[in-house]
Each structure stands twice: as C-alpha cells, then as structure tokens.
A.B. asks: 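Structure incoming, see below.
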Amino acid sequence: MKKSPEPHLARTIEAAESIGASFSPQLLQWYARRARDLPWRVDSDPYRVWVSEIMLQQTRVETVIPYYEKFLAAFPDIETLATADEQKLLSHWSGLGYYSRARNLQKGAQHILTEHDGCFPRDRDLALRVPGVGPYTSAAILSIAFGEAHPVVDGNVIRVLSRLFLIEPPLTNQVGRLELVADQLLDQTKPGDHNQAMMELGATVCLPKNPCCLVCPVSESCAAFSSARTDEFPRPRPKAKTTDVECALLWLRNGNGRYLFRMGWPLLPHLWMPPIITLSETASSSGSKRGKAPDPGDKIESWLGEEGLVWNGEVPDVTGTFRHSITTRKLRLQVVEADIDTTKWAAGITERGAPEEAWFDDGERVGLGRSSLVDKALRYRR
Ligand code: SF4
C-alpha cells in the first residue's frame, strides 16, 4: 500500500496544486523578458547544459562564465572530454575549486561513451547512473535539453518554495519530497524554461536577504509576502562543523632552481602540490578568535628527517602566512622556502618508496592542474 505523505508535506503539495495553473504562465512571461543572457543558454545541447550545471555547483555565475567558454573550446564534445589527459582537464578547471567535479565529469563522459555511444541518455534512471549526475543535475539536463518534465530543486528553488508555502524544516532539507511540491508547479509543456525561470527567480529576485517582492512575478501566490514574513523563510540551517587546520607549506628548491611537487596530498589528491605538513587539527570554536600560529620548526625538522632531506644552509624562517578553506577545513598555512641538498636525498627516494613526485620550475607547471592555494603560496616565495 502506498504511504500517504506526512501532513506538512501533504498540505504543501495541496497548496502548490491550488496555484499551479496560474503560477507558471506568470513566471514564464517574466522569464522571457528578464532572463539573463548567459552563454549556456545559447542552445540546449545536453553536453553544454551538463558542463554548465556541474560548473555552477557551489560556484557563482560570474566566476563560471570565462571558464565555461574556455572549457568548451578545449573539450568541445563528450568524446574529447572522455579521452582527455587528466592534467590538461584539471588545468582548465584550475581556480574553480572542487576538483572532484571535473574528474567526475570525465568519468561521466567515459561512461556515456562506452554505454550510450557518446549521447547523453534521455531516460532519468539511465541519466542517474552517469557518474557525478544526481537528481538535480539529471532533472536540469533532461528538462532543458530534451523537454522532459522533471522539476529541479536546487538552493535557489528551495528558497523560493520555502517562501511561497512557508515550508518548515526538516522538509526544507528533503530534496526528494520538495520535488513533489515543485512538480505541482511545473509547466509540463516547457519544463526546461520553467526550471530555469525558477532558478533565475531565486538568483535575481527572491534573494536570500531583502527579496525584491515588489517586482516578483509570483508575489500574488506567495504566502511569505502576503503575511509579511519573507525574512523568516527559509529557516536557517544549522551551520556545518568546521575544523581549524594548522599547516606548513614547503617551497623546497633544488640546485637547478626547480621546486618539489607531489601528488597525493589528501585534501587535493589529484593535483601537483608543494609538500604540506599538518601541524595540528582542532574543531573550530564558534565566536572565538583563532590563536597564534604554532611554531612549525620541530614538525618540519622531523618531517625532513623521515624524508631523508637536509637544508642546504641555515634553518629558514617563515616567509608568510595565509588562509585557505577546503570544504569544512579552514587551513592556516605558514610558508617556508629553502634550498635542499638533493645529493643526499636521491638515495633516500629509493629507500623510502617515495610518493609520486617531480621537480618543476614555474614554466613547467603551465598546463598542469593547479589549486588557488598554490597561487596564494607563490606570493610568499622569494
Ligand atoms: Fe520571493 Fe518575495 Fe517573490 Fe515571495 S514575493 S517568491 S518572497 S520574491
């Protein structure tokens, strides 16, 4: 027997159903007039839509635009992406962050090439089996590229729905259930435009703070607006727990002026990085200021000992300190730069079975994937 939805969800679905017929025409009319001119709206090719949707995850539209054009120039179709060199791929993603997105995009392209002859599958279940494609991305691609009626529910849409129907947690965090609500509003004849219009409304009108209700095309249907409670919705989410991580980043230079890079640093395992040593990790305490950075000297010395490396001269000072966040980890990195005696070290490599590593000068790193963390660290290199 089919379970009936819980009361809050059932009421919300009913409310959505009751405004469904008038909602979408108003929204679509507004979208036709006000949609921003964005490069991924030029056509509805599924590959182009897919790339844009992945790039836009956790990244602002303005940041994505220049990357999107260059990425498509380098990887114009699924086959080119599937067979691309990984470092070339990551170099075109450098600066966008969340590199697993790029690697999943390539895995997805490889999957589509072998399983679907290089054509993005139109079927929802098959689309969901493409690596890196979840409920949101599949709904966006299938509705925009193929006109399939699947509602999208992203952060912008959740905000709009929360205000339209005064939705309370935990429903606001249950994307699968919110799809049932969004589905009541969806225009079945133009689902791609409707979905884009909902996201556009959230991005440009139904803003997180101070929504522009006076120019909103759906204000007549909005419960938060009619009850003057727009500032109460969406209800705030509990903050994710973060960790303060103290690190030392080492610019180690050999006699040829090249610097040591390694692959496999746990936080960015697929990028060439200078060695980074963790000095300490503690749960962030909200409200209190972070204390003084610890002296990295002892940890660096013992790391050098384990690696069989020796300074070529004096023990160097810290040249600078900077901060960088990776997901929930808030790093504070102290930069140390030094010349290394690689004659003694060469023997050590074979003995210790070194991780994948290489010496690069700055020119040799062009074309390789790079993190903005390394770009920040370069400012403190002499
Ligand atoms: Fe958002 Fe205001 Fe429009 Fe309601 S009326 S959907 S709160 S912009």
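The chain is numbered in sequence order, starting from 1. One-based numbering, in listed order, for ligands and for the atoms of each. Just so it is clear, the model here is predicted, and its values are computed rather than measured.
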A.B. asks: Are Phe71 and Trp93 close enough that their ring centres sit under 6.0 Å apart?
C.D. replies: yes
A.B. asks: Are Trp303 and Ile340 joined in one hydrophobic group, where the rule is that I, L, V, M, F, W and Y side chains link up if heavy atoms are under 4.5 Å apart?
C.D. replies: yes
A.B. asks: Give me the protein N, O or S atoms that fall under 2.8 Å of atom 3 (Fe) of ligand 1, sorted by chain and residue number.
C.D. replies: Cys216 SG
A.B. asks: Honestly, is Arg11 close enough over Phe165, meaning NZ or CZ under 6.0 Å from the six-membered ring centre and within 45° of the axis?
C.D. replies: no
A.B. asks: Going by the rule salt bridge (charged side-chain N to carboxylate O under 4.0 Å, His left out), which residues pair with Arg103 if we only count those two or more places apart in sequence or in a different chain?
C.D. replies: Glu86
A.B. asks: Does either side chain, that of His194 or that of Ser24, offer a donor lying less than 3.5 Å from an acceptor on the other one?
C.D. replies: yes
A.B. asks: Working to the nearest 0.5 angstrom, can you tell me the gap between Phe322 CZ and Arg332 CZ?
C.D. replies: 12.5 Å
